[in-house]
Amino acid sequence: MVDLVPWVFTSGWASGVNAYAVVVVLGVLGRFAGVDAVPAALQRTDVLLGAAVLYCLEFVVDKIPWLDSTWDAVHTAIRPALGAAIGLLLAGDATTVAQALAATAGGLSALASHAVKAGVRAAVNTSPEPASNIALSVAEDVTVAGVISLAVVAPWVAAGIAAVLLAAGVAIVITVASRIRRYRQRRRQRLTSS
C-alpha cells in the first residue's frame, strides 16, 4: 500500500502530459515485463491497441504548432479522467476510501501537469519556427516513458522526479505568463501614446 502513493502520483503526472503513452508503457510493462503492480485492465490487447493508435495520433498532432493547443484543449477533460482511472486501477483491492483517494490524486496530478503542458505549449507556439515545438513534444514523450519505467524499479524516485518537473513547469508557466502580461501592457501604452 505504501508504494501506491508514488505510483498514483507518477502515473497521474505523466497522464497529464500524455495519457495514451502512460497506458501503453504500463500495459507493455505489465504484459511483457511481468510487472505485477500493473492492473490487468491495462494489459488487455484491445486497451493496448486503442491506446497505441491514440498515442500515434497524438504523436503527430503534438508536433504541429497551434493544432497541439487545440488537442490540449480537448484533452483538458480526457487526461485528468484517464489519470483518475489509472489511479483507481492501481488502487486495486484497496478499501473504497483508498480507491477514491487514489482516483482523486491521479486526476488532480494529471490536471496539474496538463495545465502546465498546455501553458508551456501555448508559449512555445508563439515561436516562429517549428523546431522548438517538435523538440518539446519528443522530450515530453521520452520523459513520460522514462519516468513511468523508472516507477517500476524506484517508485519514490520517479515520484520525486515527477514532483520536481511539475514544480519547474509551474514556475515556467508563471514566469512566462507574467512576461506576456508586461509585454501587452507596454504595447498598449505605446499604442495609446502614439
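What's counted below: heavy atoms across the whole structure, side chains too, no hydrogens, waters or symmetry copies.
- Listed by chain and number, the residues in a side chain to side chain donor-acceptor pair (under 3.5 Å) with Thr45 are Arg31 (sequence neighbours excluded).
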Before giving the answer on side-chain contact (heavy atoms from CB on, under 4.5 Å), spell out for Trp156 and Val5 the whole-Å C-alpha distance, their side-chain angles and the decisive distance to 0.1 Å. CA-CA 9 Å; Trp156 286 103; Val5 171; 4.0 Å; yes

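- Here Asp72 contributes atom CG and Leu67 contributes atom CG; the two are 10.0 Å apart, rounded to the nearest 0.5 Å.
- Between Ala37 and Leu90, the shortest heavy-atom distance links the atoms O-CD2, 3.7 Å.
- Annotation: the span from Arg121 atom CZ to Ser137 atom OG amounts to 5.0 Å, rounded to 0.5 Å.
- Closest approach of Ala102 and Gly87 over heavy atoms only: CB-O, 3.4 Å.
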Would you sort out whether Thr143 and Val17 count as a side-chain contact (heavy atoms from CB on, under 4.5 Å), showing the intermediate values? CA-CA 9 Å; Thr143 303; Val17 178; over 6 Å; no

Set out, in order, the CA-CA distance, both residues' side-chain angles and the distance that settles side-chain contact (heavy atoms from CB on, under 4.5 Å) for Val53 and Tyr20, then state yes or no. CA-CA 9 Å; Val53 167; Tyr20 307 124; over 6 Å; no

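- Listed for the Ser69 side chain is no donor-acceptor partner under 3.5 Å among the backbone atoms of Pro65.
- Atom CG of Leu89 and atom OG of Ser11 lie 9.5 Å apart (nearest 0.5 Å).
- In terms of modelled atom types and a separation under 3.5 Å, the side chain of Ser149 and the main chain of Gly146 share no donor-acceptor contact.
- For the pair Thr10 (side chain) and Pro6 (backbone), a donor-acceptor distance under 3.5 Å is present.
- Interatomic distance, Trp13 CH2 to Ile148 CD1, rounded to the nearest 0.5 Å: 8.0 Å.
- Minimum interatomic distance between Val152 and Val35 (heavy atoms only, all atoms of both residues): CG1-CG2, 3.6 Å.
- Annotation: salt bridge (charged side-chain N to carboxylate O under 4.0 Å, His left out) contacts of Asp46 (sequence neighbours excluded): Arg44.
- Taking 4.0 Å as the cut-off between side-chain N and carboxylate O, Glu58 and Lys63 do not count as a salt-bridged pair.
- Remark: the backbone N or O of Ala110 is not paired with any side-chain donor or acceptor of His114 at under 3.5 angstrom.
- The pair Lys117-Asp68 does not count as a salt bridge, with every side-chain nitrogen at least 4.0 angstrom from each carboxylate oxygen.
- The two residues Ser113 and Gly12 make their nearest non-hydrogen contact at OG-O, 3.9 Å.
- Note that CG of Leu82 and CG of Asn18 are 10.5 Å apart. Values are rounded to the nearest 0.5 Å.
- Distance alone, capped at 3.5 Å, is enough to place a donor-acceptor pair between the Gln43 side chain and the Val38 backbone.
- Rounding to the nearest 0.5 Å places CZ of Phe9 at 5.5 Å from CG of Leu166.
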